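Here the structure comes first, spelled out in structure tokens, and everything after it is commentary.
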Amino acid sequence: MNPLRKVIGLLIIIFIGLPVLFGVIWVVGVTKAAVSPEFVSELPREIIDDIPDLVEEVFLEAQDERAIADEDTRAWFQAAAKTGISPRELMRKIGLLDWLENELSESLYDVGEILRGERRPRTVVFDLIPLKSAFFHEESIQYLKVLIQNLPPCDYEEEEVWERAEDGESELFTLPPCRPDMALAEKIIRDEFDRAVVDMPDEVEILRGVRFVPFGISRTVTLLSYSFFIIPAVLIFIGALIAATSASSFFRWSGISFFVGGLIPLILSLFVMNITPLAIKLAPYSWWSETWTTDLQELILEKTSWIHIRIVDHLISPVATVAGIVCIVGVALFVISFIVRGKKKAERE
């Protein structure tokens with residue numbers, strides 16, 4: 001009978017308890033990361049602070065044939081450089097930089113305080129009207145008109161491509177880098193701006209106010225997510241109880257199960273964090289490279305790689321922490337199994 005009980009208990013642990021434990025570890029870890037002020041508030045603010053420098057770096061390097069082999073792409077950036085207006089200056093003129101540094105950054109700061117419980121929970125929205133105004137700013141249109149005037153005149157075929165672009169099927173910077181009729185160019189610019197803005201909402205709600213959150217939203221959600229561990233714990237304990245022949249073997253079965261259940265997600269999460277930088281470098285050469293082939297896209301990916309790495313680290317490191325805690329619990333239960341056995345021997349003596 002004992003062998004049959006062990007088989008049944010083992011099957012419950014392997015096929016029910018451990019898979020549920022794996023899932024709960026990932027759910028709790030990612031949930032903890034997703035509601036953390038560091039991920040929701042502080043990291044986006046770091047990215048916002050880096051945007052002007054990032055745009056400037058891409059703008060300068062995109063004019064160099066060592067970075068951008070495609071002549072058409074380089075021609076657009078070289079024409080932009082001749083305008084005498086840097087990307088940072090243009091962003092400031094149209095109000096985009098002010099929106100990023102003030103309104104957006106302040107909203108993210110408010111979200112961080114609410115998540116930490118430092119401020120009463122309330123609804124927080126991103127006001128996108130200034131962003132829409134920046135996109136459709138007259139200064140942006142004039143900048144693009146000057147940029148196009150810095151391009152060489154179009155030949156007959158290139159002029160036809162620009163004329164066909166009136167129907168909106170081509171994006172502006174996929175058109176030939178040449179100067180068409182300026183009335184046509186301005187119409188295409190304005191039409192493209194209209195299409196870019198028309199589907200953009202006036203505001204986006206990023207946090208909804210609630211009536212009562214005792215420990216702050218971040219801590220409350222994290223504590224609630226930890227309650228999910230009750231399910232795999234019960235399943236593993238049931239399997240261990242069926243398979244065990246004594247109290248010490250019960251703790252041993254439970255301890256080994258928790259240790260294995262935490263070790264696998266721990267190894268997987270550490271693997272993901274360490275493989276991410278390599279995956280980003282190999283992304284342009286991967287199996288989906290047919291849609292990721294331009295030098296400009298590779299340059300942007302290179303300059304923004306730190307953002308992808310930080311996002312992955314923020315999301316996955318809590319998973320590794322939670323998995324490590326589960327492993328420690330497993331080791332503790334395994335140690336208790338020997339203590340329980342030692343007590344039994346002492347009682348018999």
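Sequential numbering from 1 along the given sequence is applied to the chain's residues. The shown structure was predicted, so the numbers you read here are calculated from the model rather than taken from an experiment.
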Going from CG on Asp98 to CG on Leu104, what distance comes out if it is rounded to the nearest 0.5 angstrom? 11.5 Å
Tell me, do Val27 and Phe22 make a side-chain contact under 4.5 Å, heavy atoms counted? no
For a 4.5 angstrom cut-off between non-hydrogen side-chain atoms, does Ile51 reach Met91? yes
Pick one: which of Ile236, Ile264, Ile231 meets side chain to side chain contact (heavy atoms under 4.5 Å, CB included) with Leu21? Ile236
Ring centroids only, cut at 6.0 angstrom: are Phe229 and Phe258 within range, meaning strictly under it? no
CG on Asp181 to NZ on Lys187, rounded to 0.5 Å: 12.0 Å
Would you mind reporting whether Arg310 and His314 have side-chain heavy atoms less than 4.5 Å apart? yes
If every non-hydrogen atom of Val111 is compared with every non-hydrogen atom of Val40, which pair is closest and at what distance? CG1-CG1, 3.6 Å
Step by step, work out the side chain to side chain donor-acceptor pair (under 3.5 Å) result for Glu139 and Tyr143. CA-CA 6 Å; Glu139 191 73 36; Tyr143 173 81; over 6 Å; no
Test log, rule side-chain contact (heavy atoms from CB on, under 4.5 Å), inputs Leu108 and Ile48: CA-CA 10 Å; Leu108 290 169; Ile48 289 170; 3.5 Å; yes
Under 3.5 Å: donor-acceptor pair, side chain of Asp72, backbone of Pro177: no
Approximate separation, where rounding is to 0.5 Å, of Cys154 SG and Glu163 CD: 9.5 Å
Taking the side chain as every heavy atom from C-beta outward, state whether Ser133 and Ile129 have any pair of such atoms under 4.5 Å apart. yes
Can you name the closest pair of heavy atoms from Ala75 and Leu151 and give their distance? O-CD2, 3.8 Å
Going only through I, L, V, M, F, W and Y residues with side-chain contacts under 4.5 Å, is there a path from Phe250 to Phe338? yes
I would like to know whether Val329 and Phe259 meet side-chain contact (heavy atoms from CB on, under 4.5 Å); could you show each step before the answer? CA-CA 7 Å; Val329 170; Phe259 180 77; over 6 Å; no
Tell me whether Val146 shares a hydrophobic cluster with Ile188, the cluster being built from Ile, Leu, Val, Met, Phe, Trp, Tyr side chains joined at under 4.5 Å. no
Would you confirm whether Arg74, through its side chain, and Ala69, through its main-chain N or O, come within 3.5 Å as a donor-acceptor pair? yes
Would Arg45 and Asp49 satisfy salt bridge (charged side-chain N to carboxylate O under 4.0 Å, His left out), going step by step from the backbone distance to the final call? CA-CA 6 Å; Arg45 291 174 68 199; Asp49 291 340; over 6 Å; no
Dump the intermediate steps for side chain to side chain donor-acceptor pair (under 3.5 Å) on Trp99 and Asp127, then the final yes or no. CA-CA 9 Å; Trp99 180 77; Asp127 182 10; over 6 Å; no
Salt-bridged, Arg190 to Glu138, with N to O below 4.0 Å? yes
Any chance you could measure Asp313, atom CG, to Ile316, atom CD1, to the nearest 0.5 Å? 9.0 Å
So for atom CZ, which belongs to Phe126, do other residues, nucleotides or ligands contribute more than 12 heavy atoms lying within a distance under 6.0 Å? yes
Taking atom CD1 of Ile307 and atom CG of Leu43, what is their separation to the nearest 0.5 Å? 8.0 Å
Quick one: does Glu158's side chain get under 4.5 Å of Asp155's, heavy atoms only? yes
Set of salt bridge (charged side-chain N to carboxylate O under 4.0 Å, His left out) partners for Asp202, sequence neighbours left out: Lys132
Residue pairs involving residues 73-141 (criterion disulfide (SG to SG under 2.5 Å); sequence neighbours excluded): none
Does the distance from a Lys or Arg side-chain N to an Asp or Glu carboxylate O, for Glu61 and Lys303, drop under 4.0 Å? yes
Determine whether a donor-acceptor pair (N or O, by modelled atom type, separation under 3.5 Å) exists between the side chain of Asp50 and the backbone of Glu46. no
How long is the straight-line distance from OG of Ser248 back to CZ of Phe334, given to the nearest 0.5 Å? 10.5 Å
Check whether Ser41 reaches the backbone of Glu38 with its side chain - one donor and one acceptor, N or O, closer than 3.5 Å. no
Can you confirm if the NZ or CZ of Arg88 lies within 45° of the ring axis of Phe59 and under 6.0 Å from the centre of its six-membered ring? no
Phe77 and Ile68: side-chain contact (heavy atoms from CB on, under 4.5 Å), yes or no, with the steps? CA-CA 10 Å; Phe77 281 95; Ile68 303 293; over 6 Å; no
Exercise: identify the closest heavy-atom pair between Val28 and Ser225: CG2-O, 3.2 Å
